[in-house]
Amino acid sequence: MRIATWNVNSLKVRLERVQDWLLYAQPDVLCLQETKIADKDFPFLSFLEMGYESVHHGTGRYNGVAILSRVGLKDVQVGFPSHIINDDDEYKTSIQECRIISANCAGIEVSSIYVPNGRSISSQHYQAKLAWLKTLHDYINDSFSAQDQIAICGDFNIAPQDKDVWDPALFIGATHVSEPERQALQNLQNWGLHDGFRKCYSQENLFSWWDYRAGNFHKHHGMRIDLILLSNNLIEKVNFSLIDRNQRKGKLPSDHAPVFVDIQL
DNA sequence: ATGGTTGAGAATCAA
């Protein structure tokens, strides 16, 4: 079972690239983020033609998440369940943005998530990011048990460790590396969800995102913020993982590369 | 140089 995740930064611009990659990488499940299109414009039929069922949660312009699967797709949950969200939550609006969709694919509980960026530590957007991450934890804790097979895939907008950042000194006091964000990730790990990529690699400077600006990709200035978190019963069966950085190259790339894990079921 | 680039969508906003 190959499970992949890719922030495509507009599916309209990236559709042909995504289709090419499906043929090339042959994932069984592909989670997409930042589709930036509305449900009515999502190319369900194009993916179905290629053997992939799909579900999408988006309103256009911002955000937008999807799951594609060629091994089945059922029990779809669009957004967070309403009972997880507090009516008086200060950040309710952010929590209800199109940033999560979940489904059961061949017995695995798959979520495609796009964690808020946070912009800067001093901003309300950062507080909304922390609130969103808390809601994610609540959702997982409420919906799943440690015995379930779970894959939480997506753009976390968090670099788990300093070795996941090209120059940690530059990011002191910045989002993506702050202690509260990393603690939120640690809380998921404590719950029983583990970084699939790190099962296979311990090296530093292996990135999944590079800013479009200043030739950062060519200078190897990136971060690893696209993660696949797996339950214990899946992480022990991981036998391969890869960030396909070739997809950051060439004409019209996303600023993120796809990441996948292979699980020997 | 409060810089650099991309996408959505029509002037900025978000990343």
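Every heavy atom of this structure was used, including side-chain atoms; hydrogens, water molecules and symmetry mates were not. Chain letters run A, B, ... following the sequence lines, proteins first and then strands; every chain starts at 1.
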Between A/Tyr62 and A/Glu34, is there a side-chain donor-acceptor contact under 3.5 Å, judged purely by atom types and distance?
no

Rounded distance (Å) that lies between atom P of B/dA14 and atom CG of A/Asp211:
17 Å

Base, sugar-phosphate, or nothing: which does A/Tyr114 touch, judged by heavy atoms less than 4.0 Å apart?
sugar-phosphate

So, does A/Arg213 get its side chain near the phosphate of B/dA15, meaning an N or O under 4.0 Å from OP1 or OP2?
no

Rounding to a whole Å, what distance do you find between A/His221:NE2 and B/dG4:P?
17 Å

Which word best sums up how the rings of A/Phe217 and A/Trp210 line up, parallel for under 30°, tilted for 30 to 60°, or perpendicular for over 60°?
perpendicular

Between A/Arg61 and B/dG9, is there a side-chain N or O to OP1/OP2 distance below 4.0 Å?
no

Rounding to an integer number of Å, can you tell me how far A/Tyr212 OH sits from B/dA14 C1'?
13 Å

DNA chain B nearest-nucleotide lookup for A/Glu34 and A/Val13: closer to the 5′ end is A/Val13

How long is the line joining CZ of A/Arg17 and C1' of B/dG7, in whole Å?
15 Å

A/Leu11 atom CG is separated from B/dT6 atom C1', nearest whole Å, by 16 Å

Donor on one side chain, acceptor on other, A/His256 and A/Asn9, under 3.5 Å:
no

Tell me: CG of A/Asn9 to P of B/dG9, nearest whole Å?
13 Å

Send over the distance from A/Asn63 CG to B/dC13 P, rounded to a whole Å.
17 Å

For A/Glu109 and A/Ser102, which I'm curious about, is there any donor-acceptor pair between the side chains at under 3.5 Å?
no

Return whichever of A/Ala214 or A/Asn7 has its heavy-atom-nearest nucleotide of DNA chain B closer to the 5' end.
A/Ala214

Whole-Å P distance, B/dA11 and B/dA1:
31 Å

Test item: side-chain donor near acceptor, A/Gln186 and A/Asn190, under 3.5 Å:
yes

Taking the minimum atom-to-atom distance to the side chain of A/Asn117, which one of B/dC13, B/dA8, B/dA15 wins?
B/dA15

note: A/Leu252, atom CG; B/dA8, atom C1'; distance rounded to Å ~ 14 Å

P spacing across the pair B/dA15 / B/dG9, given as an integer number of angstrom:
15 Å

